[in-house]
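Notes follow once the structure below has been shown.
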Amino acid sequence: MSKNDALNVDRAHPEAVLAKHMKTAAIWQAAAHEVVAEATTYHADPNAPIGLFDSGVGGLSVYLHLAEQLPAERYVYYADTLHVPYGNRDSTDIERLTLRAIEWLYQQGCKLIVIACNSASAYALETARRCYPQLPIVGLVPALKPAVLASNTHRVAVLATKATLNGALLNKVIDAFALPNNVEVTKYFDPLLVPWVEAGMPEADETARRLRQQLTVFAQAGIDQLVLGCTHYPFFKGFLLEEITRQQLSIQVLDSGQAIAERVKQLLLSNQLLASANIKGNGNNHINEYCNDDGENEYCNDDGENDNNAHRAIATNHQISPSIRLPLTFYASKYDDTLGALIKQLVGQETVLQYASK
C-alpha cells in the first residue's frame, strides 16, 4: 500500500485513526527524539488549508489576524459550539474534545493547525502534538510576558477562563517570569464572558455592567496591564478601551492574536508551506521573541509593540480592516438560527463563508 493509499484509508475512518493516535501517544512521548526527526521530514501541500479550532466563535479573532497577514491562504474553522464554553470543563474532557476537533481538521488535509483556544491549549496541546507529530500545531498562552515587561506598577491582571488560569502554561510563565520580576499577577474569571460574546455582546447586559465595574476595581488595585487570556475576549477589546478612556484609567489591554499570526507565518516559511500567492513580496521574516521553543513545536504569546497593532486592528467595530480574502470554510458542531448573523458581526460582511457539513 502506498503512502497516499494509507492516508486515504485513514481519512475514511476518522474514529479508528483517533483511537490509534490515543493508543500510541505514550509510545511517541517516550520516543521524543524520533518524533522530532519525523516531523522535520514531513512535507504537506503548500496549497492545503490552515485549520483553526475553538470551543466557539472566539477563535475567529485569531483568524482575522491570520487573514490579514496571510490573505492568500485557505482557512478551515472548527467551532465546537455544542460544548462551548470549555473553561468550566475538567482537563480530561477538554483534552478529549480537542483531539476530536483536531482529528476533524486533519481529515480536511490541513497543513498546519492553530488551537485558537487558551483552555484547549492549556490541557491538550502537548497531547495533540504527540498524537500528530508530523503536523505543525500552534497553541496559545496569555500574553503575560509583555505585560510584565510593560508594567510600571508591578501589578498586572489576567482575564481568562478557569481552565486557562489553572493550567500549566500560564502558571509556568508566572513562576518563571512574573515572580522573578517582582510582578503581582491577579487572576480574574467571569464564567459569563464567553456566553456574552457568543450572544453578540449586548451592552445593556449585566455582564457588560460587571465588566465596567471590574475595570474600576483593577485600577484601584494599581493594575496597569490587563491581559485578555481567551480568544473570545479581543472582540470586546473596543468596549474595554472605550470604558478605560471614559473612566480615565491608566490600564493597557493586551492580547496575543497578532503574535500568533506572525508565528504561523514563520512556521510556514521555515517549512516551505506558504501558499504560492503569499511568497512574492514577503519581506517580514520576524520571529516574535515571545514565541518560545519548548523542544518540539512552539506556543506563542505577544509583545507590547505588536499588541499596539492589535489594538488598532480589533477596535470598536470588532473587525480587522477589509482585504481580499479567500472564503472561510466554517464548521460548527451545533448550528442555530443566530450563528450566521453572529459570525458576520464578528468577522465583517467582507468575509465570504462556506459552511462545511460533517
Side-chain angles (χ1 to χ4, degrees), residues 58 61 85 87-88 118-119 122 140-167 169-171 173-175 177-197 201-259 290 301-316 318:
S61 66
N88 301 329
N118 289 87
S119 298
L140 279 68
V141 64
L144 182 57
K145 281 189 178 181
V148 168
L149 292 174
S151 179
N152 293 316
T153 63
H154 290 264
R155 293 182 178 178
V156 306
V158 178
L159 187 64
T161 66
K162 182 169 62 175
T164 298
L165 295 176
N166 294 335
L169 291 182
L170 174 63
N171 286 287
V173 178
I174 292 175
D175 293 340
F177 198 79
L179 294 181
N181 282 280
N182 297 314
V183 172
E184 178 183 335
V185 178
T186 297
K187 299 177 179 180
Y188 180 78
F189 164 59
D190 184 337
L192 296 181
L193 284 175
V194 169
W196 181 57
V197 174
M201 298 168 291
E203 294 196 14
D205 192 90
E206 176 65 18
T207 302
R209 185 201 66 78
R210 195 165 51 250
L211 195 54
R212 294 186 184 97
Q213 184 180 41
Q214 190 58 41
L215 284 174
T216 304
V217 173
F218 285 151
Q220 291 173 345
I223 291 168
D224 66 349
Q225 304 291 321
L226 176 59
V227 178
L228 303 183
C230 172
T231 53
H232 280 77
Y233 297 174
F235 285 116
F236 59 73
K237 180 184 278 187
F239 171 87
L240 293 175
L241 295 177
E242 287 180 357
E243 189 62 24
I244 287 170
T245 299
R246 188 186 70 81
Q247 296 189 37
Q248 298 182 326
L249 306 178
S250 297
I251 298 177
Q252 299 293 318
V253 184
L254 294 81
D255 76 86
S256 55
Q258 180 77 8
Y290 296 114
N301 58 13
D302 206 349
D303 64 32
E305 180 179 356
N306 287 330
D307 192 74
N308 289 334
N309 295 329
H311 269 213
R312 293 187 290 271
I314 301 180
T316 306
H318 315 300

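None of the values given here were measured: they were computed from a predicted structure.
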- Message: Check whether Asn181 reaches the backbone of Val183 with its side chain - one donor and one acceptor, N or O, closer than 3.5 Å.
- Response: no
- Query: In Å and rounded to the nearest 0.5 Å, what is the CD1 to CD distance from Ile223 to Gln252?
  - Reply: 14.0 Å
- Message: Please determine whether side-chain contact (heavy atoms from CB on, under 4.5 Å) holds for the pair Val173 and Val148, giving the CA-CA distance in whole Å, both sets of side-chain angles, and the decisive distance to 0.1 Å.
- Response: CA-CA 10 Å; Val173 178; Val148 168; over 6 Å; no
- Please tell me if the side chains of Met201 and Phe239 come closer than 4.5 Å, counting only heavy atoms from C-beta onward. no
- Message: When you compare the side chain of Pro191 with that of Asn88, does any pair of heavy atoms fall below 4.5 Å?
- Response: yes
- Note on the structure: Between Val227 and Ala147 the two heavy atoms that sit nearest each other are CG2-CB, 3.5 Å
- Query: Counting only N and O atoms by type, is there a donor-acceptor contact under 3.5 Å from the side chain of Ser256 to the main-chain atoms of Pro142?
  - Reply: no
- Message: I'd like to know if the side chain of Arg155 and the backbone of Ala221 have a donor-acceptor N/O pair within less than 3.5 Å.
- Response: yes
- Task: Indicate yes or no: at least one non-hydrogen side-chain atom of Trp196 is less than 4.5 angstrom from one of Asp190.
- Result: no
- Is the closest side-chain heavy-atom distance between Leu193 and Tyr233 below 4.5 Å? yes
- Close side-chain approach of Glu243 and Gln214, heavy atoms under 4.5 Å: no
- Just wondering, do Leu179 and Ile174 contact through their side chains at under 4.5 Å, heavy atoms? yes
- Query: Between Lys187 and Asn171, is a side-chain contact (heavy atoms from CB on, under 4.5 Å) present by the stated rule, with each step listed?
  - Reply: CA-CA 11 Å; Lys187 299 177 179 180; Asn171 286 287; 2.7 Å; yes
- So does Glu206 have more than 12 non-hydrogen atoms from other groups sitting under 6.0 Å from CD? yes
- Query: Are the side chains of Asn118 and Thr161 in touch, meaning some heavy atoms are under 4.5 Å apart?
  - Reply: no
- Residue pair Leu211, Phe236: steps toward the side-chain contact (heavy atoms from CB on, under 4.5 Å) verdict: CA-CA 10 Å; Leu211 195 54; Phe236 59 73; 3.8 Å; yes
- Pair Asp224, Ser151: side-chain N/O donor-acceptor within cut-off below 3.5 Å: yes
- Message: Looking at every heavy atom in both Asp205 and Thr207, which two are closest together, and how far apart are they?
- Response: OD2-N, 2.7 Å
- Note on the structure: When rounded to the nearest 0.5 Å, the distance separating CZ of Arg212 from CD1 of Ile244 is 12.5 Å
- Query: Can you name the nearest heavy-atom pair linking Leu159 to Leu226, along with the distance?
  - Reply: CB-CD1, 4.1 Å
- Between Gly229 and Ala160, the two heavy atoms sitting closest are O-CB, 3.7 Å
- Note on the structure: Between Ala208 and Pro202 the two heavy atoms that sit nearest each other are CB-O, 4.1 Å
- Note on the structure: Here the gap from Leu165 atom CG to Thr186 atom OG1, rounded to the nearest 0.5 Å, amounts to 11.0 Å
- Query: Just how far is it from atom CZ of Phe189 to atom OG1 of Thr164, taken to the nearest 0.5 Å?
  - Reply: 10.0 Å
- From Gln225 CD over to Thr153 OG1, what is the distance, rounded to the nearest 0.5 angstrom? 7.5 Å
- Query: Nearest heavy-atom pair of Leu249 and Thr216: which atoms, and what distance?
  - Reply: CD1-N, 4.4 Å
